[in-house]
Amino acid sequence: MPSATIKIFLVHGDPKRLRTAELSNWTGKAVAGPRSEFEGVFSREESGNSGVYFLTGTDPESGKPAIYVGEAENIRDRVKVHLEKDFWNQIIFFISKDENLTKAHIRYLEGKLIDQARKSGRAMVTNGQSSGARLPESDREDMEIFLNKINQLLPVLGVELLVPAAAKAVAESEHKKLFCEIKGVKAEGRLAPNGFVVLKDSHAVLIDRASSVKWPWVKNMRQRLKDEGVLETKGDSLVFTSDAEFTSPSSAAAVIHGGHANGLTAWKDKSGKTLKEIESI
């Protein structure tokens, strides 16, 4: 993404309450706020425009993050229908300040954003079906630019549910790759903006270490990854079937070791230098 200047306005001075966001040299605008301030969010003039919106929260049954992506020619009127859904506690919507978004434009954006949300694997997407619209080539290019701007602003406004859940944001250069080895198994990974990514086809020990009794979160995390199909038994080790994102190098190393581990010393580059040594330079 190109560099950008972001202007965020905190309407009440509180970063968790009603706020607006704009990017330099872009006709779009974002408005975000908590569900508890529904009336304040939709008393704003922008809410009467056409655009796309995101409802985010937690699925009450699974406890996992949940998201709904929608489009409307009048966002205020459309979102009122969603008040019967109790999973969401935040809303963000995007409009064009020049009021140049047609129904086809916003359906195109909605379809792309739903696909992104599903592919990211970060949240349960509550949309019942996909959307989308065919656009002339010039309009399609304009909407791809609009889409990129949405993706720049969403994480700044606290929504990372569309960000790819693994290594795509990390440079693929070989010198960035790190290795973790224990008891004959080997894993590869990279530092990432949200923590650390263990790469597909990496291996982890099959049996939990005794230390997992003292730190049960490791055992629980390994079990969750097994339940999700990210870790599968293959011979005498576990194998990552896809890239997996962790909050830190230590949590990634702990899953590979089957017990508590210090990621700063467990992860090394191809020359054998530990992550701690690399970061001390």
Side-chain angles (χ1 to χ4, degrees), residues 56 58-59 62-67 114-125 151 154-155 158-209 211-212 214-270 274-276 278-279:
T56 64
T58 303
D59 177 66
S62 67
K64 294 181 178 181
I67 187 170
I114 290 173
D115 287 345
Q116 271 188 246
R118 287 178 173 154
K119 289 176 181 177
S120 76
R122 288 184 179 274
M124 177 181 297
V125 181
N151 282 314
L154 274 176
V159 176
E160 297 190 359
L161 302 181
L162 272 67
V163 178
K168 291 186 178 179
V170 185
E172 295 293 333
S173 55
E174 188 66 24
H175 74 278
K176 295 280 189 179
K177 192 178 288 186
L178 298 169
F179 305 89
C180 180
E181 297 185 54
I182 183 173
K183 296 181 179 178
V185 303
K186 184 175 181 179
E188 299 179 1
R190 290 189 175 93
L191 290 168
N194 286 326
F196 198 89
V197 171
V198 176
L199 303 180
K200 180 183 177 181
D201 296 326
S202 291
H203 287 247
V205 299
L206 183 63
I207 307 299
D208 295 330
R209 288 162 55 183
S211 63
S212 65
K214 186 176 181 181
W215 289 282
W217 65 268
V218 180
K219 188 180 185 73
N220 294 339
M221 185 179 294
R222 279 165 57 93
Q223 187 58 52
R224 178 176 63 80
L225 292 172
K226 291 175 186 177
D227 293 342
E228 294 175 354
V230 177
L231 277 179
E232 289 186 354
T233 301
K234 188 175 182 179
D236 57 358
S237 67
L238 296 172
V239 178
F240 285 81
T241 62
S242 63
D243 293 346
E245 187 175 82
F246 296 88
T247 57
S248 69
S250 290
S251 59
V255 167
I256 294 160
H257 286 205
H260 180 70
N262 183 342
L264 294 178
T265 55
W267 290 101
K268 302 177 182 179
D269 65 13
K270 59 183 179 182
T274 66
L275 181 56
K276 183 177 182 178
I278 294 170
E279 292 185 335

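- With hydrogens and angles disregarded, a donor-acceptor distance shorter than 3.5 Å links the side chain of Ser120 to the backbone of Leu161.
- At distances below 3.5 Å, at least one donor-acceptor pair connects side-chain atoms of Thr241 with backbone N or O atoms of Val230.
- Contact detail for Arg222 and Leu238: the closest heavy-atom pair is NH2-CD1, 3.6 Å.
- Taking the side chain as every heavy atom from C-beta outward, Gln116 and Leu154 never approach each other to under 4.5 Å.
- Contact between Val218 and Gly259 at its shortest, heavy atoms only, is CG1-N, 3.7 Å.
- Taken from CD in Glu188 to SG in Cys180, the straight-line distance is 11.0 Å, to the nearest 0.5 Å.
- Closest approach of Gly189 and Trp267 over heavy atoms only: N-CZ3, 3.7 Å.
- Checked for salt-bridge contact, Arg122 and Glu245 meet the test: a charged N lies under 4.0 Å from a carboxylate O.
- Contact of the Thr274 side chain with the Leu264 side chain is not registered, since no non-hydrogen atoms from C-beta on lie closer than 4.5 Å.
- No more than 12 heavy atoms of other residues, nucleotides or ligands shown are found within 6.0 angstrom of CG on Asp236.
- With rounding to the nearest 0.5 angstrom, the NZ atom of Lys268 is 13.0 Å from the NZ atom of Lys276.
- By the 4.5 Å heavy-atom criterion applied to side chains, Phe246 and Val197 are not counted as neighbours.
- When side chains are defined from C-beta on, Lys186 counts as touching Glu181, because their heavy atoms get closer than 4.5 Å.
- Taking each heavy atom of Ala252 and Val198 in turn, the nearest pair found is CB-CG2, 3.7 Å.
- When all heavy atoms of Arg190 and Lys176 are compared, the pair lying nearest together is CG-O, 3.8 Å.
- A cation-pi arrangement is absent between Lys270 and Phe179, since the terminal nitrogen or guanidinium carbon is not both under 6.0 Å from the aromatic centre and inside a 45° cone about the axis.
- With contacts defined as side-chain heavy-atom distances shorter than 4.5 Å, the pair Ser202/Ile256 does not qualify.
- Residues Leu231 and Val255 have side chains in contact (heavy-atom distance under 4.5 Å, counting atoms from C-beta outward).
- Taken to the nearest 0.5 Å, the CG atom of Asp243 stands 9.0 Å off from the CG atom of Asp201.
- Residues Leu206 and Lys183 are not in side-chain contact: their nearest non-hydrogen atoms beyond the backbone lie 4.5 Å or more apart.
- Expressed to the nearest 0.5 Å, how far CD1 of Ile207 lies from OG of Ser237 amounts to 11.0 Å.
- Closest non-hydrogen pair, Arg118 versus Val125, comes out as CG-CG2, 3.7 Å.
- Between Val239 and Glu232 the shortest side-chain heavy-atom distance does not fall below 4.5 Å.
- Atom CD1 of residue Ile114 and atom CG of residue Leu162 lie 10.0 Å apart, to the nearest 0.5 angstrom.
- In this structure, CG in Leu178 is found 5.5 Å from CG in Leu191, a value given to the nearest 0.5 Å.
- The number of heavy atoms from other shown groups lying within 6.0 Å of NZ (Lys226) is above 12.
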